[in-house]
There are 2 protein chains.
Amino acid sequence: MRLRRRGWPVRGDEATPVPGEGQQEQQVTTPTVYDVADRAGVSIATVSRVYRNPDSVKAKTRERVLAVARELGYVPSGSARGLASRSTGVLGLCFPDYTDPETETAAGDDDDAQVLYADQVIRGMERAARRHGYALLISASLQGGAEQLIGGMAGQVDGFAVLARTVSTEDLDVYSRRLPVVMLAGPREIDRLDHVEVANFDGQRELTRHLVEVHGLTRLAFVGGPEDSPDAEARFQGYQAACRDAGLPAGDEPDLRRAMTRADGREAVQQLAFRPGGLPQGLLFANDQMAVGAMEELISRGVRIPTDVAVTGFDGIPLGRMVRPSLTTVRQPMRRLGETAVELLLRRLADRDRAPESVMLPVSLALRASCGCGDAE
Amino acid sequence: MRLRRRGWPVRGDEATPVPGEGQQEQQVTTPTVYDVADRAGVSIATVSRVYRNPDSVKAKTRERVLAVARELGYVPSGSARGLASRSTGVLGLCFPDYTDPETETAAGDDDDAQVLYADQVIRGMERAARRHGYALLISASLQGGAEQLIGGMAGQVDGFAVLARTVSTEDLDVYSRRLPVVMLAGPREIDRLDHVEVANFDGQRELTRHLVEVHGLTRLAFVGGPEDSPDAEARFQGYQAACRDAGLPAGDEPDLRRAMTRADGREAVQQLAFRPGGLPQGLLFANDQMAVGAMEELISRGVRIPTDVAVTGFDGIPLGRMVRPSLTTVRQPMRRLGETAVELLLRRLADRDRAPESVMLPVSLALRASCGCGDAE
DNA sequence: ATGAAAGCGCTAACAC
DNA sequence: GTGTTAGCGCTTTCAT
């Protein structure tokens, strides 16, 4: 026999003589399978079946159970279900808190300028997950501290995706021993993980080549990201390769490294302007946010884009289309990133022993006004 | 004594003599508190404490437990935790699958044009939730069917927000008896719910007044949404009120009702053009998507905006800024919607007996080119 | 087709 | 500070 929680009268053949079904309106505890079973005159197993495998229950019984459930306001507990069945029907996504602090404040009401990378990945994952009957649990890692949250998430999902540089490799190692984890848009980090990456190298090389071959630029500069950002590094290498191919000089290092925010872009312009030789003809940034910041600064200094200097970014954030001149960039297939993550996760869920898989997603150029392409727009 | 699952050797003073700690590398089952406790030589309660309330455990013990946990790859099970503690640390959000099917296909690579309403709400909720130590579970309701998912969500969160018209009132009634639910951007529907709405009426009235007073338009038409969309209705009523105030004619019904997609906007233009008197001077739509569709159609017919016809929307989606002419609209504070939802949810979690609360969020006009304001942009 | 019973992994008293 | 123990609400054999 099973006791009711919170000092409730015990059920069935216990001591205390209970006044029967008298108190139906009194919603005191949240109803459980037991309550429904009791009231419907069936066993808890049958109640469970009604939800998990309706066809295994006689239609009439099923209706009765469902009616009682509705009446009682019964909703199956996801936790209990998860515990008993060892699966939650939820996939997770961890992403860094990308917010450019400046955009945050500067934009004010203009919420919309700010939709970045992560939103698209979320969107892609949500839809793919839903198609397969999963929900999506999302959580940004507040940088520095509270890995608490991602730990919490790890316990609550059947598997999850991590945007690069969100979770420490060490933690990742622990989590990925317990459940499927897929790395998104970075290096795989841990061999056993599945992994989706984006053609950073190819994209940047192609873009650089465009500047050289189509626009005939020869004096270029590349503003990279932190050394520990593999995306930024791969982009730089693409730039490098294109330069070499074209017989142009290209150092072993980006001309400048920055943290990749808008403010960094502005600063970069300042620095570059005072170097011997001044500004280059083409200014390539490792991401769109920096490029946008740079354009702001350049324009405020009276520099004409693209006439005096061509500017390019990488990512394809919406903001890049809204600025004037519109920003030439390399568009990442962010939604597809999310979709691919779901597919990999499900495949691994279906077969834990598959060999780890690595998918590379292609990128495409968005040639717009800031390099001299596109119309006025 | 407690048996191990899956036919594992029993622990401790049981029959089978077990070969001690010999098999450490053999990760066969996912480790639990028991495994950690055993190996660290403490009780499961202590392991639990290390995670829930670290300070209640002696530093040395804590380190030992943590070390073992890391070694074993232990991650606390969210389900078990949720079941035992009756709370999950997760908040939920249900939203309709807003996708404009046309945008979907037409946009092709242009992922970004498509960031709509829901993304912003998600963003706002995610951040607010995270600040309070919660994660966010999201799930769009595939229209017609599979309320399965939202049922699943309901069982897995401590409370959730619902974007209007996503979940049937009937289901909502059941869920909201079990956990806190807040209605977003629609009517409250159920009295006991908390509720956040947006000043649809005020916004549309102000926008209409702008058209009349600033631009001097007198022949207006309003294209509304379905009758059962309270937002669309409130907007229409705001329009109506402004017309009356200005002494202009305004029917009891929108000049046209449509389902609010882009295609609907185009069709609306077709219909209106062939009405006696032809197109009005000002064409107001109940949302941005329709307005954008309408502009496309008008432009393709050689109609000049805003010279011949002024067009306005409602929502403030990013797309509205990208189209030419840029769309005059009423901007909803979508991020704040999400934040407010979290606040209400948490307040109710803290005190289930609070009186239900209803918050109205202000909107603001975005006066752009399609009404004759703003610059060329 | 339905019931009985044994856990799933953890938390929360309550002892010591 | 740490251990014991009784559930949390469900799924799942195994019988019937």
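Note on naming: letters A, B, ... go to the chains in the order of the sequence lines (proteins, then strands), and numbering restarts at 1 for each one.
Put simply, Thr32(B) has no side-chain N or O that comes within less than 4.0 Å of OP1 or OP2 on dC8(C). Taking only side-chain nitrogens and oxygens, Thr46(A) comes nearer than 4.0 Å to OP1 or OP2 of dG3(C). The side chain of Arg86(A) places no N or O atom within less than 4.0 Å of a non-bridging phosphate oxygen (OP1 or OP2) of dG7(C). OP1 or OP2 of dC10(C) has not a single side-chain nitrogen or oxygen of Ser48(B) nearer than 4.0 Å. Residue Ser43(A) places at least one side-chain N or O under 4.0 Å from the OP1 or OP2 atom of dG3(C).
When rounded to the nearest whole Å, the span between CZ of Arg52(B) and P of dA13(C) equals 12 Å. The nearest whole Å value for the distance from the CG atom in Asp38(A) to the P atom in dT2(C) is 17 Å. In this structure, Asp35(B) places its CG atom 13 Å from C1' of dC10(C), rounding to the nearest Å. Counting to the nearest Å, the C1' atom of dC10(C) and the CD atom of Gln156(A) are 12 Å from each other. When the P atom of dT4(D) is taken as reference, atom CD1 of Ile44(B) falls 9 Å away, rounded to whole Å. As rounded to whole Å, 15 Å separates atom P of dG3(D) from atom CG of Asn53(B). Between the P atom of dC8(D) and the CG atom of Asp158(B) lies a distance of 18 Å, rounded to the nearest Å. Distance, Leu83(A) CG to dC8(D) P: 13 Å, rounded to whole Å.
Here the side chains of Leu184(B) and Leu93(B) are in contact, with some heavy-atom distance below 4.5 Å. At a threshold of 4.5 Å between non-hydrogen side-chain atoms, the residues Arg347(A) and Asp194(A) do not count as touching. Counting only heavy atoms from C-beta outward, the side chains of Arg70(B) and Val174(A) approach each other to under 4.5 Å. Counting heavy atoms from C-beta on, the side chains of Val162(B) and Leu172(B) come closer than 4.5 Å.
Nucleic acid contact class of Thr61(A) (heavy atoms, under 4.0 Å, all strands): sugar-phosphate only. Counting non-hydrogen atoms under 4.0 angstrom, Tyr74(B) reaches the backbone sugars and phosphates but no base. Across all strands, Arg49(B) comes closer than 4.0 Å to base atoms (heavy-atom distances). As judged by a 4.0 angstrom heavy-atom cut-off over every strand, Val42(A) is placed among residues touching the sugar-phosphate backbone only.
Considering only the side chain of Ala80(A), dC10(D) comes nearest among dT2(C), dC10(D), dC10(C). Taking only side-chain atoms of Ser85(A), from C-beta outward, the nucleotide of dT2(D), dC10(D), dT11(D) with the closest atom is dT11(D). Nearest nucleotide to the Val33(A) side chain, out of dT11(C), dT2(D), dG9(D): dG9(D).
Judged by distance alone with a 3.5 Å cut-off, no donor-acceptor contact links the side chain of Tyr51(A) to the base of dC10(D). No hydrogens or angles were tested; on distance alone, a donor-acceptor pair under 3.5 Å links the side chain of Tyr34(B) to the base of dC10(C).
Residue Asp35(B) comes nearest to Thr32(B) through the heavy atom pair OD2-N, 2.7 Å, listed as atom of the first residue, atom of the second, then distance.
In summary, Arg192(B) and Asp173(B) engage in a salt bridge, as defined by a charged side-chain N under 4.0 Å from a carboxylate O.
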